[in-house]
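First the structure, in the form of structure tokens, and then the observations on it.
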Amino acid sequence: MIIGVPKEIKNNENRVALTPAGVNEMKKHGHQVYVQSTAGEGSGFSDEAFAEAGANILATIEEVYGIAEMIIKVKEPIEFEYDLIREDQLLFTYFHFASYEPLTKAMIESKSVCLAYETVERGRGLPLLVPMSEVAGRMSIQEGAKYLEKPMQGRGILLGGVPGVKPAKVLVLGGGIVGYQSAKMAAGLGADVTIMDISLDRLRYLDDVMAANVTTMMSSEYNIRQEIKEADLVIGAVLIPGAKAPHLVTRDMLKDMKPGAVLVDVAVDQGGCIETCKPTTHADPIFIIDDVVHYCVANMPGAVPYTSTLALTNATLPYALELANKGWKKACQESSELKTGLNVVKGDVVYKAVAEAFDLPYVPVEEYLQDEEMAV
Ligand SMILES: NC(=O)C1=CN([C@@H]2O[C@H](COP(=O)(O)OP(=O)(O)OC[C@H]3O[C@@H](n4cnc5c(N)ncnc54)[C@H](O)[C@@H]3O)[C@@H](O)[C@H]2O)C=CC1
Ligand SMILES: CC(=O)C(=O)O
Ligand SMILES: [Mg+2]
């Protein structure tokens, strides 16, 4: 298969979807890889390193989209890329469709095959979201701590306090991968942490493994209203796979918060679980409503590409190889994990939560995975 790796063009997105080691694996399996010049620069991989591993370097993004049967990316295509995508081209990347209707419509129109990292399922887990959720969960505390500083417009409190002075209170909404990692980091810094989830089993597990300065609590509107009044830092970390995030923190709750408190809505890529959240960029990461600082960067791991690119590609490469070796249809027929990644196929939405988010027709993915002989 011919594989294309474009340079990411989202604001401050420094990750790349394939490393030279990944190119080497693809070549060993007989595939051709075309990498856009400087695509790996932000992650420490030069064009020369890619070329030595066997990649062909192309000067422009148009050439990469023009030649590739499968595009491997990190972030969703942005407007500039929509017209470059061709009918039947396979796109393997994060899409987060439910948060952005224009992207969904553009991919439907392109008649391409969109396989989303974030909905690939293994058992009850999301193996291609996990590594970036680990990064973003850990980062959420370091970013939150930074914006709590007075010169950054926060209320000026140190997460861990000092001997003789109480620590800050951190409220984590959602105890999955992001929530677990953020609670662990905040606890390590000495903060007073509360973590909420709707799964009692998950809360039992968290209660078992977390440090003594982490308290678990059932997530409910009532409990959030109580806890948010005291919180210095709130982390939004809920997910309903593929769907738009529920608004757990509503606009009216902000007036009850302390001035200078910080909200980090990691779930922003699925629309955000804080009603007042709007996607921001690393170049301009925060805005303030009702004296509460909002940090809503949708590609947090893009700021630590030396860690994130390796963590992401460790997880994506085996799936990318399977797609390249078998083609998307056979790979998805044989792997229920890859099958759940299909979101939009040749003009149809095949992922229910995405269809529901925008009231679009839903076509069961099985209709695309039947062999022609079986369909008659
Ligand atoms: N902004 C960024 O750069 C990044 C954002 N993310 C996003 O972070 C979000 C969380 O991801 P993960 O932790 O991997 O998901 P996960 O599936 O591991 O965890 C989500 C948790 O939310 C819980 N939950 C669902 N509804 C809830 C409610 N009403 N109240 C409390 N908890 C509730 C679930 O029970 C689950 O434990 C996703 O939207 C993901 O895409 C992930 C990586 C980077
Ligand atoms: C998961 C995601 O949105 C990211 O890694 O940027
Ligand atoms: Mg206030």
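Whatever order the structure lists ligands and atoms in, that order sets their numbers, starting from 1. Because the structure is predicted, anything quoted here is derived from the model rather than measured.
For the residues R15, K75, H96, the heavy atom positioned nearest atom 5 (O) of ligand 2 is part of R15. Of the candidates A267, A136, C296, A237, A136 brings a heavy atom nearest to atom 44 (C) of ligand 1. For atom 21 (C) of ligand 1, the nearest non-hydrogen atom from the set G271, G176, G179 belongs to G176.
Inclusion of S219 in the set of residues having an N or O under 3.5 Å from an N or O of ligand 1 is warranted. For the pair D269 and ligand 2, the shortest N or O to N or O distance falls below 3.5 Å. Checked by distance only, ligand 1 and D269 come closer than 3.5 Å through their nitrogen or oxygen atoms. At under 3.5 Å, a nitrogen or oxygen of V178, whether backbone or side chain, sits near a nitrogen or oxygen of ligand 1. Annotation: S199 places no N or O atom under 3.5 Å from an N or O atom of ligand 1; distance criterion only. Close N/O approach between Y94 and ligand 2 is not found [any backbone or side-chain N/O within under 3.5 Å]. On a distance-only criterion, P246 and ligand 1 share no N/O pair closer than 3.5 Å.
Nearest non-hydrogen protein atom to atom 42 (C) of ligand 1 is S133 OG, 3.3 Å. Protein heavy atom closest to atom 18 (O) of ligand 1, with residue, atom name and distance, is I177 N, 3.0 Å. For atom 3 (O) of ligand 1, the nearest non-hydrogen atom of the protein is M300 N, 2.7 Å. When only non-hydrogen protein atoms are considered, atom 17 (O) of ligand 1 lies nearest to L239 CD2, 3.7 Å. The closest protein non-hydrogen atom to atom 26 (N) of ligand 1 is I198 CD1, 3.4 Å. The protein atom (non-hydrogen) at minimum distance from atom 33 (C) of ligand 1 is V238 CG1, 3.6 Å. Given atom 37 (O) of ligand 1, the protein heavy atom at minimum distance is D197 OD2, 2.7 Å.
Looking at L115, L342, T316, L129 one by one, the single match for side-chain contact (heavy atoms from CB on, under 4.5 Å) with V120 turns out to be L115. Each of H247, R251, H294 was scored for a side-chain hydrogen bond (donor to acceptor under 3.5 Å, both in side chains) with T276, with one residue passing: H294.
Comment: R138 does not engage E134 in a salt bridge, judged by the lack of any side-chain N to carboxylate O separation of less than 4.0 angstrom. Salt bridge K346/D88: present, at least one basic N to carboxylate O contact under 4.0 Å. Between R225 and E221 there is a salt bridge, since a side-chain N of the basic residue sits under 4.0 Å from a carboxylate O of the acidic one. Residues D232 and R155 are paired through a salt bridge, judged by an N-O separation under 4.0 Å between the basic side chain and the carboxylate. For R204 and D207, the salt-bridge test fails: no basic side-chain N is under 4.0 Å from an acidic carboxylate O.
The ligand atoms of ligand 2 that sit less than 4.0 angstrom from a heavy atom of N299 are 6 (O). Of all atoms in ligand 1, numbered sequentially from 1 with element shown, those under 4.0 Å from a heavy atom of H96 are 41 (O). Within ligand 1, counting atoms from 1 as listed, the ones closer than 4.0 Å to a heavy atom of N299 are 3 (O). Taking a cut-off of under 4.0 Å to the non-hydrogen atoms of M132, the atoms of ligand 2 that pass are 5 (O). Listed by atom number, the atoms of ligand 1 under 4.0 Å from M132 heavy atoms are 43 (C), 44 (C). Ligand 2 places these atoms under 4.0 Å from at least one heavy atom of L129: 1 (C). Close contacts of ligand 1 with Q270, meaning ligand atoms under 4.0 Å from a residue heavy atom, involve 39 (O). Listed by number with element, the atoms of ligand 1 under 4.0 angstrom from any heavy atom of A298 are 1 (N), 2 (C), 3 (O). Interface atoms of ligand 1 facing P301, defined by a heavy-atom separation under 4.0 Å, are 3 (O), 44 (C).
Residues I228 and V249 have side chains in contact (heavy-atom distance under 4.5 Å, counting atoms from C-beta outward). Looking at Y180 and R202, their side chains come closer than 4.5 Å, going by heavy atoms from C-beta outward. Counting heavy atoms from C-beta outward, P246 and V238 have side chains that approach closer than 4.5 Å.
When heavy-atom distances to ligand 1 are checked against a 4.0 Å cut-off, L248 comes that close only through its side chain, counted from C-beta outward. Contacts of V297 with ligand 1, taken as heavy-atom pairs under 4.0 Å, involve the backbone alone. By the criterion of a heavy-atom distance under 4.0 Å, the side chain of L129, and not its backbone, is placed next to ligand 1.
When ring centroids are compared, Y351 and F97 stay outside the 6.0 Å threshold.
Under the 4.5 angstrom side-chain criterion for Ile, Leu, Val, Met, Phe, Trp and Tyr, V268 has no cluster partners at all.
Side-chain atoms of E63 and T60 form a donor-acceptor pair, as typed in the model, at a separation below 3.5 Å.
The cluster map of Ile, Leu, Val, Met, Phe, Trp and Tyr, joined by side-chain heavy atoms under 4.5 Å apart, puts F95 and V345 in different clusters.
Using a 4.0 Å cutoff on heavy atoms, A298 counts as a contact of ligand 2.
For CG of D252, the number of neighbouring non-hydrogen atoms (other residues, nucleotides, ligands) closer than 6.0 Å is greater than 12.
Classified by interplanar angle (parallel below 30°, tilted 30° to 60°, perpendicular above 60°), the ring pair Y295/Y147 is tilted.
Pairs engaging residues 5-19 under the salt bridge (Lys or Arg N to Asp or Glu O under 4.0 Å) rule: E8-K73, K10-E76, E13-R15 [sequence neighbours left out].
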